[in-house]
Amino acid sequence: MDKKILIVGSLNMDMVIEMEHMPITGETVLGSTLTYIPGGKGANQACAAARLGGNVKMLGCVGKDEFGELQKKNLYDCGVDTFDIRSGTKCTGMASIYVDKHGNNSIVVVAGANQECDISYLKECDTAFQECDYVILQMEIPYESIFYAINRAKELGKTIILNPAPAPRELPDDIYSKIDYITPNEAELMTLCGGIGHTKDDFIKGAEKLLQKGVKNVLVTIGEKGALLVNADGAKVFPTRKVDSVDTTAAGDCFNGAFVVALSEGKSQKQAVIFANAASSITVTRNGAQTSIPGRKETDEVLEDWGY
Ligand code: RIB
């Protein structure tokens, strides 16, 4: 039996607007389409991990509204254990996502019920922590809940993956050494390590700062260039496939979900990064968050065509 993955994080309804170019301050632009798509970094990672064959449970909070019901149903249909997702008193989290003609996005999140993913709720769901092998978190729920979950998971000897998105300027000092994998994109890495730069060397320097603070592995997603893994063995870039990108929304989420699934199947770090690159390279060729996440068969076919 594959190992169990627990995802603790956000669930949002994404309001996606496509446009030629992003508005600058004070500008009004015309959008071409408006679509509602299930999203939220936590839910996207859960959806990806389950579609790719993982044994996945999610903890998080939605509102007692139509969007919350839709979210839970969508994740359940993906194969996620949604039993303990809480229905809070606030509205389901919302994200307003602008996508330009190059597939680049900008996102504003209104947390709503995600704020109710609090420590008392996580304590009520302690069995989920006890029964899992991997815990994966992002940063769209209250920070104190994230740090509680990391501490609890560490106490129980679980493997911890933190996707620091959106990135804080820093984490509490005692948290770094509890993280097995931190998975920022380039911008999030720079925010976290207080650096500036766009080159591979800049990213390696940034990652090394996180290693010095105690993180065991830094896995940076570097867009169309793939991913950079930095740890005690050194730094290595894993290039990704070349594709025509239409929308990068949830590419990082799919990468994280795929990475943890591969680890849970006993694949090596290297195989897990290659699998994650393959899955997220499919995501960017489609629109939306959970609408763009591939299944296992498709991902395995892409890997085979790619020569793996
Ligand atoms: O990573 C993409 C996600 O970020 C979107 O689905 C949106 O909801 C925000 O959480």
Side-chain angles (χ1 to χ4, degrees), residues 7-18 22 34-51 58-63 65 67-68 70-72 74-75 78 80 85 90-100 103-117 136-143 145-146 161-168 182-189 191 219-223 227 245-260 276 279-294:
I7 299 193
V8 184
S10 59
L11 303 100
N12 298 327
M13 182 50 74
D14 292 351
M15 193 174 73
V16 184
I17 305 171
E18 291 183 59
M22 306 275 175
L34 165 63
T35 326
Y36 287 88
I37 299 176
K41 294 184 194 302
N44 297 343
Q45 292 177 20
C47 166
R51 279 196 191 145
M58 171 145 197
L59 297 181
C61 294
V62 292
D65 48 34
F67 288 158
L70 242 161
Q71 270 284 2
K72 284 196 284 188
N74 193 56
L75 285 184
C78 293
V80 177
I85 291 180
K90 296 181 190 285
C91 298
T92 297
M94 289 284 299
S96 158
I97 305 187
Y98 290 173
V99 183
D100 73 11
N104 297 315
N105 64 48
S106 6
I107 305 181
V108 179
V109 175
V110 179
N114 291 305
Q115 287 167 333
E116 295 175 88
C117 181
I136 174 161
L137 302 118
Q138 323 71 34
M139 305 208 69
E140 289 184 328
I141 58 170
Y143 283 4
S145 305
I146 297 167
I161 298 161
L162 177 66
N163 175 224
I182 196 164
T183 58
N185 65 21
E186 302 116 304
E188 289 153 0
L189 173 68
T191 304
L219 180 55
V220 191
T221 49
I222 48 176
S245 166
V246 298
D247 179 0
T248 58
T249 308
D253 298 330
C254 181
F255 182 95
N256 277 276
F259 180 70
V260 71
S280 60
S281 75
I282 302 171
T283 302
V284 300
T285 63
R286 298 174 184 157
N287 289 308
Q290 287 166 40
T291 43
S292 68
I293 290 169

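When reading the values below, keep in mind they use all heavy atoms of this one structure, side chains included, and skip hydrogens, waters and symmetry mates. Order of listing sets the numbers, starting from 1, for every ligand and every atom in it.
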Residue and atom name of the nearest protein heavy atom (relative to [atom]), distance in Å to one decimal:
{"atom": "atom 4 (O) of ligand 1", "result": "Lys41 NZ, 3.1 Å"}
{"atom": "atom 5 (C) of ligand 1", "result": "Asp14 OD2, 3.3 Å"}
{"atom": "atom 9 (C) of ligand 1", "result": "Glu140 OE2, 3.5 Å"}

Counting C-beta onward and ignoring hydrogens, is there a side-chain heavy-atom pair between [X] and [Y] closer than 4.5 Å?
{"X": "Glu140", "Y": "Asn114", "value": "no"}
{"X": "Leu11", "Y": "Thr92", "value": "no"}
{"X": "Ile136", "Y": "Asn256", "value": "yes"}
{"X": "Cys254", "Y": "Pro294", "value": "yes"}

Any sub-3.5 Å donor-acceptor pair from Asn185's side-chain atoms to Ala187's backbone N or O?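 Side chain of Asn185 to backbone of Ala187: a pair is present.
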Under a 3.5 Å distance rule, please check whether Gln71 uses its side chain to pair with a backbone N or O of Asn12 as donor and acceptor.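 It does hold such a pair.
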Against heavy atoms of [X], which atoms of ligand 1 measure under 4.0 Å?
{"X": "Ala289", "result": "6 (O)"}
{"X": "Asp253", "result": "1 (O), 2 (C), 3 (C)"}
{"X": "Ala95", "result": "7 (C), 8 (O)"}
{"X": "Gly39", "result": "6 (O), 8 (O)"}

Gap between atom CG of Leu59 and atom CD1 of Ile7 - 0.5 Å precision: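 Answer for the CD1-CG pair, Ile7 versus Leu59, is 10.0 Å.
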Return a yes/no value for [X]: is any of its N or O atoms, backbone included, closer than 3.5 angstrom to an N or O of ligand 1?
{"X": "Asn44", "answer": "yes"}
{"X": "Thr249", "answer": "no"}
{"X": "Gly40", "answer": "yes"}

